[in-house]
Amino acid sequence: MAEMQGLMERLERVVGRLELLSAESYRPPGDCGEINGVNGGVAPSVEAFDKLMNSMVTEFLKKSRILAGDVETHEYQEDRNDLVIPQTELKQVAYIFNCNKSTLQMKGKINSIIIDNCKKFGLVFDNVVGIVEVINSKDIQMQVMGKVPTISINKTEGCHIYLSEDALDCAIVSAKSSEMNILIPQDGDYREFPVPEQFKTAWDGSKLVTEPAEIMA
């Protein structure tokens, strides 16, 4: 019972975050009171989950999801490298939870993507208008084919991000994570740049100044 209650609270927080991201990132022009014809901003997440559940991404959900207040459980298969979502929409938010040894390709333009509690997981996507967030995961590989404004990495061990030429202005935000590398296209190949993990902070007389710490050989 306690485990289920914890799961419910976790899912409620996630869905709340998805609704906030969707409401902030997508509103029809000239319409500030409704989202997709429903007041309150719930419809985008519900519609996003509905469409994603009808595709092969259903195999990716191990624990549960929330749709209009109902909890449904979906089992997934590991060692899958052929999972594809052939079409996405701006109002969609993808939540990928507890996926292992698998690869997902998402085509089109989507609002936001969250990768939570995944291991040895690969993601290839075209365009994201909001944010791609990696949480509580290990050994993640991600390839951006188009554009994405922000990628957030939190409590993750091992994250390799391949950026496209169009995504070189992407902001990488990281916290409590290690073994992060950004791969930049150069001369037909990729050059790897590590994301700093250690920082030093000093008082400059008026404020604290933080910068990456140089590793001493």
Side-chain angles (χ1 to χ4, degrees), residues 6 10 13-14 17-18 21 57 59-63 76-85 93-106 110-202 208-217:
R10 179 188 180 91
R13 289 195 298 269
V14 168
R17 180 166 51 196
L18 295 182
L21 286 171
V57 80
E59 299 178 46
F60 270 52
L61 298 178
K62 180 174 178 61
K63 293 297 183 182
Y76 77 103
Q77 296 181 1
E78 294 190 356
D79 298 303
R80 291 293 303 273
N81 295 310
D82 58 349
L83 296 169
V84 178
I85 298 178
V93 176
Y95 175 56
I96 305 166
F97 178 72
N98 207 355
C99 311
N100 303 317
K101 301 178 182 178
S102 297
T103 301
L104 171 65
Q105 182 177 4
M106 304 181 69
I110 194 170
N111 189 308
S112 303
I113 301 173
I114 296 177
I115 301 172
D116 188 2
N117 197 30
C118 296
K119 294 180 181 179
K120 295 184 178 180
F121 175 73
L123 174 67
V124 180
F125 63 88
D126 288 345
N127 295 284
V128 171
V129 299
I131 186 173
V132 176
E133 188 172 1
V134 183
I135 315 169
N136 300 319
S137 296
K138 185 176 182 179
D139 195 7
I140 302 298
Q141 293 199 29
M142 185 187 311
Q143 183 169 6
V144 185
M145 304 303 293
K147 292 182 66 66
V148 57
T150 307
I151 297 176
S152 173
I153 309 168
N154 192 16
K155 297 181 181 179
T156 292
E157 180 181 343
C159 186
H160 302 272
I161 302 171
Y162 293 77
L163 295 179
S164 67
E165 292 283 356
D166 293 333
L168 295 181
D169 58 349
C170 171
I172 309 295
V173 181
S174 62
K176 300 180 181 179
S177 298
S178 62
E179 300 178 31
M180 300 169 288
N181 292 283
I182 311 301
L183 291 98
I184 305 297
Q186 290 187 358
D187 301 325
D189 202 352
Y190 285 92
R191 184 179 176 187
E192 185 176 280
F193 295 87
V195 176
E197 300 176 24
Q198 296 182 345
F199 300 87
K200 64 178 181 180
T201 301
L208 291 174
V209 178
T210 301
E211 59 184 18
E214 295 183 4
I215 304 299
M216 303 300 295

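Note: Q186 CD to E165 CD = 9.0 Å, rounded to the nearest 0.5 Å. Between the CD1 atom of I151 and the CE atom of M142 there is a distance of 5.0 Å, given to the nearest 0.5 Å. Considering CD1 of I96 and CG of L83, their distance stands at 10.0 Å, rounded to 0.5 Å. Considering CD1 of I131 and SG of C170, their distance stands at 9.0 Å, rounded to 0.5 Å. From N181, atom CG reaches atom CD of Q141 across 10.0 Å, with rounding to the nearest 0.5 Å.
P149 and V129 get closest at one heavy-atom pair: CG-O, 3.6 Å. Minimum interatomic distance between S177 and K155 (heavy atoms only, all atoms of both residues): OG-N, 3.1 Å. Closest heavy-atom contact between C118 and N100: C-OD1, 4.2 Å. In terms of heavy-atom proximity, G130 sits nearest to S112 at CA-OG, 3.9 Å. When every heavy atom of S164 is checked against every heavy atom of V144, the shortest pair comes out as CB-O, 3.2 Å. The minimum heavy-atom distance between I153 and I161, with the atom names listed, is CD1-CD1, 3.9 Å.
Within the structure, ring-ring contact (aromatic ring centres under 6.0 Å, His included) pairs that include any residue of residues 133-158 do not occur (at least two apart or interchain). Identified under the ring-ring contact (aromatic ring centres under 6.0 Å, His included) test for residues 131-169, with sequence neighbours left out: Y162-Y190.
Here the side chains of L163 and I184 are in contact, with some heavy-atom distance below 4.5 Å.
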(request) Step by step, work out the side chain to side chain contact (heavy atoms under 4.5 Å, CB included) result for M180 and I172. (result) CA-CA 10 Å; M180 300 169 288; I172 309 295; over 6 Å; no
(message) Evaluate D116 against N136 for side chain to side chain contact (heavy atoms under 4.5 Å, CB included), listing each step before the verdict.
(response) CA-CA 6 Å; D116 188 2; N136 300 319; 3.8 Å; yes
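Between the side chain of S102 and the main chain of N81, no donor-acceptor pair closer than 3.5 Å is present.
D189 and R191 are not joined by a salt bridge, as no carboxylate oxygen comes within less than 4.0 angstrom of a charged side-chain nitrogen.
Of the residues T156, N154, N98, the one that meets the side chain to side chain contact (heavy atoms under 4.5 Å, CB included) test with S137 is T156.
E179 pairs by the side chain to side chain contact (heavy atoms under 4.5 Å, CB included) definition with E157, not counting sequence neighbours. A search for salt bridge (Lys or Arg N to Asp or Glu O under 4.0 Å) contacts involving E211 returns K200, not counting sequence neighbours. Take P212 and apply the side chain to side chain contact (heavy atoms under 4.5 Å, CB included) test, not counting sequence neighbours, and it matches P196, F199.
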Side-chain donor-acceptor contacts of residues 120-127 below 3.5 Å, not counting sequence neighbours, with atom names and distances?
{"from": "D126", "atom 1": "OD2", "to": "G108", "atom 2": "N", "distance (Å)": "2.9"}
{"from": "N127", "atom 1": "OD1", "to": "K147", "atom 2": "N", "distance (Å)": "2.8"}

